Amino acid sequence: CSIMGALGEIFSFHVYVGAESYRFFRRIAAGKPVTAGDLFASVRGVPAEFVTAKGRTPPDRELVEAFGHANKRGKRAPIFRAFHPEYHPWYVTESEGKLLVYCLQAALAFCCHPEEMDDVDYRQEEDVFPFLDPDPEDKTRKRFKIYPVKAPEPPVAAPQAAELDENLITDILHENLPRHGALETDHFFTSAMIGEKNERKACMRMAMVSDAGSGFAFQPALGKPEDSTGQLLVLALLGAMREGRCLPSEVRVRQKEFKVLLGTLSERLGFDLRVTKSLPALDHLKDHFLAMRRPVRIFDPIESLSRCSHSYASRYSRM
């Protein structure tokens, strides 16, 4: 859990659930650059953010009024959202609300911890944070034992190569397509929302391919939350090969993970895979596409997180 607000611009308490979310938090805490796609791809958790009337939706206002919170101009009130990987933030369920309440109780216990803990400096040693252990004898679930614990950033799980549709591979091999040139490919999330009016909105995700020499854009592969990144990259590349009527000599990607995901495909079709920092043709295409998207705001967590990335450390507690 992290409490943000040292800059005085936002006031938020965020619960990060799972190793992937914790890795994302550590990137924020270190001031590393993050994108909306990074957030949508990895964060699971539930925050409480205190916002003015401008940042509240009608259901938020109904909740505030139901609890008798003063709805004065410029006065902050809490809004509650839940994060699920590959979805936009949405209103919390009962279980998510209970988790948030429990973690808020723990944070209050930490802020009111005994005086004998005052000499503990949690920022003195790298990767050491306060750990809150619930008191098993406390039926109210409000008392915790607090002590330092080392919590390094967990390693990233090794990716597995994407499974291939052998029928598609066989069809391409039987066409005896010529081989030349290089393709650039990437996968990313966009801020576009997919879903009905009153349901959690999925993020639009896309695998794009462009010709490295000409910059020609091929038909992208659009994905749903349950689709794997590897499968989308494979589909986009196979589509580009059939549309371009040739096999590439080389495919360039930006991430080592993508090289692993495409490893089996490169072996079957005989092209080289290269990781490069820059994908000029694809980046131009991607920037053009994103510029066409009109930004939509239900709750803008990346804006809040980026503004507090250099001053996150008001307090941090790990349950």
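Since we're looking at a predicted model, the values are computed, not measured.
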Mind listing the closest non-hydrogen atom pair of Ala207 and Ala236 along with its distance?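 Minimum heavy-atom separation between Ala207 and Ala236: O-CB, 3.7 Å.
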Over all heavy atoms of both residues, which pair between Tyr91 and Pro59 is shortest? Give the atoms and the distance, please.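 In this case the closest contact between Tyr91 and Pro59 is OH-CG, 3.7 Å.
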Answer yes or no for Lys201 and Tyr87: cation-pi contact, defined as NZ/CZ to six-membered ring centre under 6.0 Å and angle to ring axis within 45°.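 Checked: cation-pi criterion not met.
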Under 3.5 Å: donor-acceptor pair, side chain of [X], backbone of [Y]:
X: Arg56; Y: Arg61; answer: no
X: Glu184; Y: Leu282; answer: yes
X: Glu96; Y: Thr93; answer: yes
X: Arg44; Y: Tyr16; answer: no
X: Thr264; Y: Ala161; answer: no
X: Asp138; Y: Asp135; answer: no
X: Arg23; Y: Glu153; answer: no
X: Arg254; Y: Thr276; answer: no
X: Arg242; Y: Asp171; answer: no
X: Glu199; Y: Glu196; answer: yes

Indicate yes or no: at least one non-hydrogen side-chain atom of [X] is less than 4.5 angstrom from one of [Y].
X: Thr185; Y: Leu262; value: yes
X: Lys259; Y: Val251; value: no
X: Leu269; Y: Leu237; value: no
X: Phe131; Y: Ile146; value: no
X: Lys150; Y: Glu125; value: yes

Tell me whether Asp60 is salt-bridged to Arg81, with the criterion being a basic N under 4.0 Å from an acidic carboxylate O.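 Yes.
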Are the charged groups of Asp227 and Arg205 less than 4.0 angstrom apart, N to O?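 Judged by the 4.0 Å cut-off on N to carboxylate O distance, Asp227 and Arg205 do not form a salt bridge.
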Inspect the surroundings of NE2 in His284 and state if more than 12 heavy atoms from other residues, nucleotides or ligands are less than 6.0 Å away.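 Atom NE2 in His284 is not crowded, with 12 or fewer foreign heavy atoms closer than 6.0 Å.
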Within a 6.0 Å radius of atom CD on Gln255, are there more than 12 heavy atoms belonging to other residues, nucleotides or ligands?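 Check passes, neighbour count above 12.
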Would you compute the distance between atom CZ of Arg26 and atom OG of Ser2 and round it to the nearest 0.5 angstrom?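 Going from CZ on Arg26 over to OG on Ser2, the span is 12.0 Å.
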Look up atom CE in Met4 and atom CD1 in Ile28, then write down how far apart they are to the nearest 0.5 Å.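 Here the rounded value is 8.5 Å.
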Between Glu49 and Phe11, is a side chain to side chain contact (heavy atoms under 4.5 Å, CB included) present by the stated rule, with each step listed? CA-CA 6 Å; Glu49 184 180 9; Phe11 299 90; over 6 Å; no
Honestly curious: do [X] and [Y] fall in one hydrophobic cluster under the side-chain, below-4.5 Å linking rule?
X: Met204; Y: Phe218; result: no
X: Val275; Y: Leu233; result: yes
X: Val17; Y: Ile3; result: yes
X: Phe258; Y: Leu183; result: yes
X: Leu238; Y: Leu261; result: yes

Give the C-alpha distance, both sets of side-chain angles, the deciding distance and a yes or no for side chain to side chain contact (heavy atoms under 4.5 Å, CB included) between Cys203 and His88. CA-CA 6 Å; Cys203 299; His88 282 267; 3.7 Å; yes
Plane angle bin for Tyr22 and Phe25 - parallel if under 30°, tilted between 30 and 60°, otherwise perpendicular: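 Ring orientation of Phe25 relative to Tyr22: parallel.
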Could you walk me through whether Ser214 and Asp211 satisfy the side chain to side chain donor-acceptor pair (under 3.5 Å) test, starting with their C-alpha distance in whole Å, then the side-chain angles of each, then the deciding distance to 0.1 Å, before giving a yes or no? CA-CA 6 Å; Ser214 67; Asp211 183 271; 3.2 Å; yes
Consider only side-chain N and O atoms of Glu257 and His187, and report whether a donor and an acceptor are under 3.5 Å apart.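 No, no side-chain donor-acceptor contact under 3.5 Å.
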